[in-house]
Amino acid sequence: MPDGTRSPDPEDNEQAALAEVARRYAVAITPAMAALIDPADQADPIVRQFLPDAAELETQPGELADPIGDVAHSPVRGIVHRYPDRVLLKLLHACPVYCRFCFRREMVGPGGEALSPGELAAALDYIRERPAIWEAILTGGDPLLLSPRRLGETIGALDAIDHLGVIRLHTRVPTVAPERITPPLLAALATDDKAVWLALHVNHPRELTPAGLAAIRDLARAGVALVSQTVLLKGVNDDAATLETLFRALVKARVKPYYLHHADLAPGTAHFRTTLGAGQALVAALRGRLSGLCQPSYVLDIPGGHGKVPVGPCHLEGSDAGGWRVTDPAGRAHAYPPLRD
Ligand SMILES: *Cc1c(COP(=O)(O)O)cnc(C)c1O
Ligand code: SF4
């Protein structure tokens, strides 16, 4: 080391790196999640999901600012229309927590404004004018951060669109900020015609606190159908025992595990990504050991906006004789005969 220089204090370096992470990406945790942090746990899954880490400054080749191609499919502000029968309606950019692995991390944050009244009207017109749209998916940002009044107005407008069958909300609020699930909010979710489905983002069984479970119960009693989405995350839930506990706890709470997402190629998230092979091995391990109700579909959102596809282990192979080879949950192969016309 040249004379006159002092090696920087590693703690100062760490502080500077965390300040840089916070400058680039939004940071927030709720009281309900902060209360779950176990200071004795060196690998705390709550810390890992919500507290910034210097590793986020390392972007890898192949990581993308818009990993699932939202921008390419956005015909008007607030709408993402990739599949003919359903659209995303992004009402706001804010979330109650900012997940360190977020696939929309370049877009979400407290600074991003909600849709203006004019933009919301244009987005609703877009849905109204297209009879092929059957499902409106409120996402963001987190739609349950809206006031019950504003949320109720949007739900009411969607409820009045004849060709819609389903209003779906993607949210983390019931578990990370259960105090928001109040009677006025439940009233805002009431519809005359549409089915209201809520897709709860939850990654670790510890997130299902008694208050969160009570909020889920209130939603179920209000007639909201519940499914879950989990992101497969290294060091948070990438082991069969954690996933098994999570999926059982969800089904027990009347939430059907819907998707297990392979982590997207968002910038600075390599430390969270498992390999697809590791994901398939986990899903295969759960197949024999968990009730069908507890099995989500393992999906990959193809980078570039090409859509989500199942990427779980395949149990069926064509055999040379024209029939099939089927693998059972224990890994044994069985023949299935070719069918004749
Ligand atoms: C994920 C996603 C949906 C919803 O897909 P489902 O498979 O129905 O859950 C819809 N639109 C876009 C753009 C999406 O990324
Ligand atoms: S709740 Fe969803 S949109 Fe918000 S930070 Fe987490 S992953 Fe991103």
Side-chain angles (χ1 to χ4, degrees), residues 29-51 96-97 99-102 170-178 181 198-220 224-263 269 271-300 310-313 329-331:
I29 186 166
T30 54
M33 289 298 104
L36 288 180
I37 292 175
D38 174 1
D41 185 350
Q42 291 300 301
D44 188 291
I46 305 298
V47 167
R48 193 158 165 79
Q49 288 187 76
F50 303 125
L51 297 196
V97 287
C99 311
R100 306 324 301 161
F101 48 85
C102 175
H170 282 196
T171 179
R172 275 200 103 153
V173 162
T175 43
V176 303
I181 308 301
L198 186 149
L200 176 71
H201 174 179
V202 53
N203 300 322
H204 191 276
R206 287 238 310 264
E207 292 161 49
L208 297 169
T209 62
L213 291 169
I216 290 169
R217 187 201 56 212
D218 290 346
L219 286 158
V224 174
L226 292 143
V227 297
S228 68
Q229 316 197 69
T230 295
V231 185
L232 180 60
L233 298 167
K234 196 189 274 179
V236 173
N237 60 17
D238 63 331
D239 63 278
T242 301
L243 290 176
E244 175 175 346
T245 306
L246 174 64
F247 297 145
R248 283 194 201 284
L250 285 166
V251 171
K252 170 85 188 349
R254 295 189 238 175
V255 181
K256 165 76 184 94
Y258 174 47
Y259 279 157
L260 175 65
H261 292 274
H262 189 72
T269 63
H271 53 299
F272 280 115
R273 280 195 299 277
T274 65
T275 62
L276 281 161
Q280 290 189 319
L282 279 168
V283 171
L286 293 175
R287 172 54 51 189
R289 130 178 197 185
L290 269 183
S291 145
L293 277 179
C294 301
Q295 312 265 356
S297 172
Y298 177 40
V299 292
L300 172 71
V311 290

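One-based numbering along the sequence shown.
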ring-ring contact (aromatic ring centres under 6.0 Å, His included) contacts in which one or both residues fall within residues 240-259, not counting sequence neighbours: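 Output for this query lists Tyr259-His261.
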
Cationic N near anionic O, under 4.0 Å, Arg206 to Asp44: yes

So which heavy atom on [X] is nearest to which on [Y], and how close?
X	Y	answer
Ala253	Ile216	O-CG2, 3.5 Å
Leu243	Asn237	CG-O, 3.2 Å
Thr175	Ala32	O-CB, 4.5 Å
Ala211	Pro178	O-CB, 3.6 Å
Thr230	Asn203	CA-OD1, 3.5 Å
His204	Gln49	CB-NE2, 4.2 Å

Given Asp238, Thr245, Asp239, the one that forms side-chain hydrogen bond (donor to acceptor under 3.5 Å, both in side chains) with Thr242: Asp239

With rounding to the nearest 0.5 angstrom, report the [atom1] to [atom2] distance, [X] to [Y].
X	Y	atom1	atom2	result
Asp218	Leu213	CG	CG	11.0 Å
Ile46	Leu51	CD1	CG	9.5 Å
Leu260	Gln229	CG	CD	10.5 Å
Phe101	Arg273	CZ	CZ	13.0 Å
Leu250	Leu293	CG	CG	12.0 Å

Test side chain to side chain contact (heavy atoms under 4.5 Å, CB included) applied to His201 and Val231, step by step: CA-CA 8 Å; His201 174 179; Val231 185; 3.9 Å; yes

Thr269 side-chain N/O to Phe272 backbone N/O, donor-acceptor pair under 3.5 Å: no

Inter- and intrachain pairs under salt bridge (charged side-chain N to carboxylate O under 4.0 Å, His left out), touching residues 240-263, at least two apart: Glu244-Arg248, Glu244-Arg289

Stepwise side chain to side chain contact (heavy atoms under 4.5 Å, CB included) test for Arg172 and Glu207: CA-CA 10 Å; Arg172 275 200 103 153; Glu207 292 161 49; 2.6 Å; yes

The single option from Thr30, Leu198, Ile181 passing side chain to side chain contact (heavy atoms under 4.5 Å, CB included) against Val173: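 Of Thr30, Leu198, Ile181, side chain to side chain contact (heavy atoms under 4.5 Å, CB included) with Val173 is met by Ile181 alone.
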
Result block: side-chain N/O donor-acceptor pairs under 3.5 angstrom for residues 274-288, not counting sequence neighbours:
from   : atom 1 : to     : atom 2 : distance (Å)
Thr275 : OG1    : Ala278 : N      : 2.9
Gln280 : NE2    : Val311 : O      : 2.9
Gln280 : NE2    : Gly312 : O      : 3.4

Worked verdict on Val176 versus Ile29 for side chain to side chain contact (heavy atoms under 4.5 Å, CB included): CA-CA 8 Å; Val176 303; Ile29 186 166; over 6 Å; no

